[in-house]
Amino acid sequence: MSDLAIFGGEPAVREAVEMAWPIVSDGDVARVAEAARRGEISYDASEGMVAELEDVFESRLGRPYALATSSGTAALHSSFFGIGLAPGDEVLAPTYTYLATVMPIVACNATPVLVDAEPDTGNIDLDDAERHITSRTRAMVVTHLSGHPVDMERALRFARRHDLKVVEDCSQAHGAVSSGAEVGTRGDVAAFSLQGRKLVAAGEGGILVTSDTTIYERAVMLGHFAARSELEVSTPHLVPFAKLGYGLNYRMHPLGAALAIGQMERLDQHLEWRAGNFSAYDDILRDIPGLDPAPRQDHVSRHGCYSYQPLYDPAEWGGLPRSAFIDALRAEGVPATVPTSLPLHREPFFSCAETGITTYSVDPGRRLYRAGDLPRSEGYVRSAWRLPAYPRPLSTQMLTGLAEAFRKIAAGAEQLRRHTHATAA
């Protein structure tokens, strides 16, 4: 076995792989250019490229309403506003998720109640959710983290038992399928991000989808005042306010919509390519002690392949810190990384009485969290790491190099431990 690259040996991976995302085709460029030449650089209502993109989502997901927004965050804010949250209402939310899943709840003057994570996926732990139910609980938001869908059959049974609205955050899971149903099809409302790193990329943008007319019309009034809200709002008690709406501009840029249309056309192809890479990762890691391949629970019919996140067990590596393992991988040419975000309950907004936020009504009686309150999420962050979801199928040469890198590091684990302990001393 050759020497570890971190100690001067030859790296196992020597092939440069194109990482650029999104993959922009000539057709994408032509569609965007043609829209620009026609002067379609803003719309007042659902028209042109925006209407076409909304139609694509409605058709794929089988939902009657799709609303294009300026970002995934705007789609989430619109979703929470759409379900009619009121001051004092509580919303169960995963502690391990991106801030945009949760902070729009605060913008609706409601209170997020954080729930622990599953130890293998990082997704919301539905068993832990039960203990957070109170008389004020009105809704639950689930994030399909890294493309691994939440078990929506379980989530919906839980929600029905407690009479809760369900918001799906599908920002990292375009095309993922749970128990035969695509994400975004089963919650009361769902939000997708179309930010540049997402599987369907518009640069910036988002989509809200729902089958509920009231949720949809409230979302339209929140961020699409005047032309669109006047055209589409028909609920009698909302009609008098439709022109002014609620004063926010969450309209999507037409050129972003033009780009996203092509990305939607190729979504299944991109998922197939990434799934092949993820399967190859599974094969490589399966025989390495202390490295659990990225999870795939039984209900998952198709993974969203946004991020490949296996788990590292330092005990199986004789106490070798994860950081030393990752450094050794990177020296071998494997662009491995670790999560950089803390669970939200470790952020000052959720752990300090003084939030510094005066724009919204922050519940003074809300729970303040401490380290250890939601331990499985903290354990997940300590054990998870990432391999890149390459945009195209990996070559045999690249996969051979990756496998060699892991074998080298496993064989050289004792040398790594001695070096790490000596450096620490």
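Computed from a predicted model, the values in this text were never measured in an experiment.
Between the side chain of Asn109 and the main chain of Ser361, a donor-acceptor pair closer than 3.5 Å is present. Under a 3.5 Å cut-off, the side chain of Thr400 and the backbone N or O of Thr396 do form a donor-acceptor pair. Under a 3.5 Å cut-off, the side chain of Thr95 and the backbone N or O of His345 do form a donor-acceptor pair.
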Applying salt bridge (charged side-chain N to carboxylate O under 4.0 Å, His left out) to Glu404 and Arg407, what does each step give before you reach the verdict? CA-CA 5 Å; Glu404 180 188 352; Arg407 287 195 297 268; 5.8 Å; no

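Taking the six-membered ring where tryptophan is involved, the planes of His299 and His148 are perpendicular, since the angle between them exceeds 60° and thus also 30°. By the 30° and 60° cut-offs, the orientation of the rings of Phe278 relative to His303 is perpendicular.
In this structure, Leu329 and Ile409 have side chains that are in contact, with non-hydrogen atoms separated by less than 4.5 Å. Side chains of Arg138 and Val91 form no contact here, defined as non-hydrogen atoms less than 4.5 Å apart.
When only modelled atom types and interatomic distance are considered, Thr210 and Asp212 share no side-chain donor-acceptor pair under 3.5 Å. A donor atom on one side chain and an acceptor atom on the other are not found under 3.5 Å apart for His132 and Glu90. Checking Ser71 against Gln195 by side-chain atom types alone, no donor-acceptor pair falls below 3.5 Å.
Here Tyr380 pairs with Tyr96 under the ring-ring contact (aromatic ring centres under 6.0 Å, His included) rule; sequence neighbours left out. Remark: Phe81 engages Tyr246 in a ring-ring contact (aromatic ring centres under 6.0 Å, His included) (not counting sequence neighbours). Listed by chain and residue number, Tyr216 satisfy the ring-ring contact (aromatic ring centres under 6.0 Å, His included) test with Tyr65 (two or more places apart in sequence, or in another chain). Every residue two or more places apart in sequence or in another chain that forms a ring-ring contact (aromatic ring centres under 6.0 Å, His included) with Phe192 is listed here: Phe57, His174.
By the 4.0 Å N-to-carboxylate-O rule, Lys165 lies too far from Asp89 to be salt-bridged with it. A salt bridge does not link Arg38 to Glu47: none of the charged side-chain nitrogens sits closer than 4.0 Å to a carboxylate oxygen. In this structure, Asp373 pairs ionically with Arg367, as a charged nitrogen and a carboxylate oxygen lie closer than 4.0 Å.
For the residue pair Glu54 and Ser46, the shortest heavy atom distance occurs at OE1-OG, 2.6 Å. In this structure, Pro94 and Val141 approach most closely via the heavy-atom pair CD-O, 3.2 Å.
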For residues 151-163, which side-chain N or O atoms pair as donor and acceptor with protein atoms under 3.5 Å away, sequence neighbours left out?
unit_1: Asp151; atom_1: OD1; unit_2: Glu153; atom_2: N; d: 3.3
unit_1: Asp151; atom_1: OD1; unit_2: Arg154; atom_2: N; d: 3.4
unit_1: Arg154; atom_1: NH2; unit_2: Asp127; atom_2: OD1; d: 3.0
unit_1: Arg161; atom_1: NH2; unit_2: Glu130; atom_2: OE1; d: 2.8
unit_1: His162; atom_1: NE2; unit_2: Glu130; atom_2: OE2; d: 2.7

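Applying the salt bridge (Lys or Arg N to Asp or Glu O under 4.0 Å) rule to pairs touching residues 242-268 yields Asp28-Arg266, Arg31-Glu265, Arg60-Asp268, Asp268-Arg302, sequence neighbours excluded.
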